[in-house]
J.: 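First the structure, which I've put down as structure tokens, then a few questions once you've had a look.
Chain identifiers are assigned alphabetically (A, B, ...) following the order of the sequence lines, protein sequences preceding nucleic acid strands; residue numbering begins at 1 within each chain. No hydrogens, no waters, no symmetry mates; every other heavy atom, side chains included, goes into these values.
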Amino acid sequence: MSDLHEPVLAWYDEHARELPWRSPAATAWSVMVSEFMLQQTPVARVLPVHEAWLRRWPTPGDLAAEPAGEAVRAWGRLGYPRRALRLHAAAVAIVEQHDGEVPPSYDDLLALPGVGDYTAAAIATFAFGRRHVVLDTNVRRVLARVATGVELPAASVTRAERTLAAELLPPDDPTAATWSVAVMELGALVCTAAGPRCGACPVAGLCAWRRAGHPAYDGPPRRVQAWAGTDRQCRGRLLAALRETEGEVTQARLDATWDDQLQRARSLAGLVEDGLVVRTPRGTYTLP
DNA sequence: TAAACGTGGAA
DNA sequence: TTTCCAAGTTT
């Protein structure tokens, strides 16, 4: 399977996007911020927020010194605002436990709020050049197609997938790091979920899925997330009102964001429970 | 393990 | 217009 290395690495060398967090000058903190923002959010929407974030908070200490609410506000409309809260909490932990420096070890990274297996491996790999299996949705899809011959991977990472990815990882640290980002990029630009561009793929000739005639996905139905009318949409409306207001927001202002009183109250309580919103003694609401 | 958790652009 | 889905984590 190491037949894949040379063509994928060569393709990446020629086609990789220039992204701020891939710059040789990028700090580990810049990489970490990008990984948080890129969780379930497209690159195009992350770019401007990432730039503003790093300009305002060049180090973990700069962010940790401000209230968490400032992180939530600066997060803007990237979505999943609990990530902003967790990034702030991670910055605080880095100051308190790691002398203000993003730790290079996978285990230390994994212990930070909002950092799971993927993000820990990604930061250790892309910021510090360490050798880890980086399994994101792109890598999983590429390997499912090229090596396994199916259109899409299972709902969650399987043992077999992790073993395969580990076997494919080049032995030396720097090549392993480039390989991981290269496979991710291939999945993002060529071997996409909807319309794979096999004509532009450097390993089309080695692809098991292509060889099998591109059989359609044959697994259990992939559940689509409902949106309209959900608590998530309601929470989004409420938090948007908080973000766009400096200081306290009245109950009346929040009431205007959503018709269903019961759902509105439940969603607001959830935001308070999550720490994204604080209720003041006056009955108004603010960011934390 | 499955469900909850935002948002907006592309097909 | 509706559906899909984008560098996941947490509980």
Side-chain angles (χ1 to χ4, degrees), chain A residues 16-17 19-22 26 30-50 72 75-87 89-90 109-127 132-143 151-158 165 177 180-189 191-197 217 220-243 257-258 263 266-267 269-271 273-277:
Chain A
R17 291 168 292 181
L19 301 171
W21 46 88
R22 285 185 188 162
S30 174
V31 173
M32 178 171 165
V33 171
S34 80
E35 291 303 340
F36 269 74
M37 292 182 173
L38 288 165
Q39 291 168 1
Q40 302 285 281
T41 303
V43 168
R45 289 173 49 208
V46 165
L47 281 169
V49 184
H50 179 271
V72 175
W75 196 255
R77 306 189 67 82
L78 285 183
Y80 291 149
R82 289 190 293 194
R83 291 182 293 167
L85 222 45
R86 290 171 181 152
L87 181 53
L109 289 163
L110 189 61
L112 296 172
V115 177
D117 169 69
Y118 162 76
T119 301
I123 297 171
T125 298
F126 304 142
H132 288 279
V133 170
V134 179
L135 267 186
D136 80 321
T137 187
N138 289 302
V139 174
R140 296 187 62 214
R141 185 176 56 250
V142 171
L143 297 188
E151 182 181 19
L152 299 168
S156 55
V157 178
T158 65
S180 291
V181 73
V183 178
M184 286 176 67
E185 191 78 336
L186 187 62
L189 299 182
C191 195
T192 59
R197 302 165 46 225
Y217 175 71
R222 323 176 82 217
R223 58 186 183 284
V224 293
Q225 280 193 123
W227 170 245
T230 62
D231 284 10
R232 284 214 321 296
Q233 184 184 27
C234 183
R235 287 166 57 108
R237 292 271 186 84
L238 292 167
L239 201 58
L242 271 294
R243 275 198 312 266
T257 63
W258 195 262
Q263 185 174 30
R266 181 175 68 234
S267 298
L271 287 170
E273 173 73 17
D274 290 344
L276 281 163
V277 173

J.: Checking all strands, does A:W21 fall into the base, sugar-phosphate, or nothing category for heavy-atom contacts under 4.0 angstrom?
T.: base
J.: Between C:dT9 and B:dG8, how many Å separate the two P atoms, rounded to a whole number?
T.: 23 Å
J.: Rounded to whole angstrom units, what separation is found between the CG atom of A:L271 and the C1' atom of B:dC5?
T.: 11 Å
J.: Which whole-number value in Å describes the distance from A:R266 CZ to B:dC5 C1'?
T.: 14 Å
J.: Any side-chain to backbone donor/acceptor pair from A:R243 onto A:R77? Under 3.5 Å, distance only.
T.: no
J.: DNA chain C: A:L110 or A:L152, which has the more 5' nearest nucleotide?
T.: A:L152
J.: Between P on B:dA4 and CZ on A:R82, what's the gap in Å once rounded to a whole number?
T.: 11 Å
J.: If you look at every strand shown and take non-hydrogen atoms under 4.0 Å, does A:Q233 touch a base, only sugar-phosphate, or nothing?
T.: nothing
J.: What's A:D117 touching, base or sugar-phosphate or nothing? Going by heavy atoms closer than 4.0 Å.
T.: sugar-phosphate
J.: At under 4.0 Å between heavy atoms, what does A:G79 touch on the DNA or RNA strands: base, sugar-phosphate, or nothing?
T.: base
J.: Students often get this wrong, so: under 4.0 angstrom with heavy atoms, is A:V115 touching a base, only sugar-phosphate, or nothing?
T.: sugar-phosphate
J.: Drop me the distance from A:E151's CD to A:C191's SG, to the nearest 0.5 angstrom.
T.: 9.5 Å
J.: Answer yes or no: is there a side-chain heavy-atom contact under 4.5 Å between A:L242 and A:V277?
T.: yes
J.: Heavy atoms, side chains only, cut-off 4.5 Å: are A:L239 and A:V72 in contact?
T.: yes
J.: Please find the earliest and latest nucleotides of DNA chain C, in the 5' to 3' direction, that have an atom within less than 4.0 Å of any heavy atom of chain A.
T.: C:dC4 to C:dT10
J.: How far, in whole Å, is B:dA11 from C:dA7 if one measures between their P atoms?
T.: 15 Å
J.: Heavy atoms only, 4.0 Å cut-off, all strands: where does A:L19 land among base, sugar-phosphate and nothing?
T.: base
J.: May I have the step-by-step check of side chain to side chain contact (heavy atoms under 4.5 Å, CB included) for A:T137 and A:R140, ending in yes or no?
T.: CA-CA 5 Å; A:T137 187; A:R140 296 187 62 214; 5.7 Å; no
J.: Heavy atoms within less than 4.0 Å of DNA chain B: which residues of residues 37-50 of chain A have one? Give them sorted by number.
T.: A:Q40, A:T41, A:R45
J.: How is A:T119 classified with respect to the nucleic acid when contacts are heavy atoms under 4.0 Å: base, sugar-phosphate, or nothing?
T.: sugar-phosphate
J.: How is A:R22 classified with respect to the nucleic acid when contacts are heavy atoms under 4.0 Å: base, sugar-phosphate, or nothing?
T.: base
J.: Taking the nucleotide of DNA chain C with the nearest heavy atom to each, does A:V224 or A:L112 sit closer to the 5' end?
T.: A:V224
J.: Rounded to the Å, how far apart are A:L78 CG and B:dG9 P?
T.: 12 Å
J.: Would you kindly give the CZ-to-C1' distance between A:R232 and B:dA3, to the nearest whole Å?
T.: 10 Å
J.: Please check this pair: side chain of A:Q233 against backbone of A:G229, looking for a donor-acceptor N/O pair closer than 3.5 Å.
T.: yes
J.: Please determine if a side-chain N or O atom of A:R83 lies less than 4.0 Å away from the OP1 or OP2 oxygen of B:dC5.
T.: no
J.: Report the C-alpha distance between A:L19 and A:H50 in whole Å, list the side-chain angles of each, state the deciding distance to 0.1 Å, and finish with yes or no for side chain to side chain contact (heavy atoms under 4.5 Å, CB included).
T.: CA-CA 11 Å; A:L19 301 171; A:H50 179 271; over 6 Å; no
J.: Do A:R235 and A:T230 have side chains that get closer than 4.5 Å, going by heavy atoms?
T.: no
J.: Side-chain contact test, heavy atoms from C-beta onward, threshold under 4.5 Å: evaluate it for A:M37 versus A:W21 and give yes or no.
T.: no
J.: Base, sugar-phosphate or nothing for A:A122? Non-hydrogen atoms, less than 4.0 Å.
T.: nothing
J.: Do side-chain atoms of A:R83 reach the backbone of A:G114 as a donor and acceptor pair under 3.5 angstrom?
T.: no
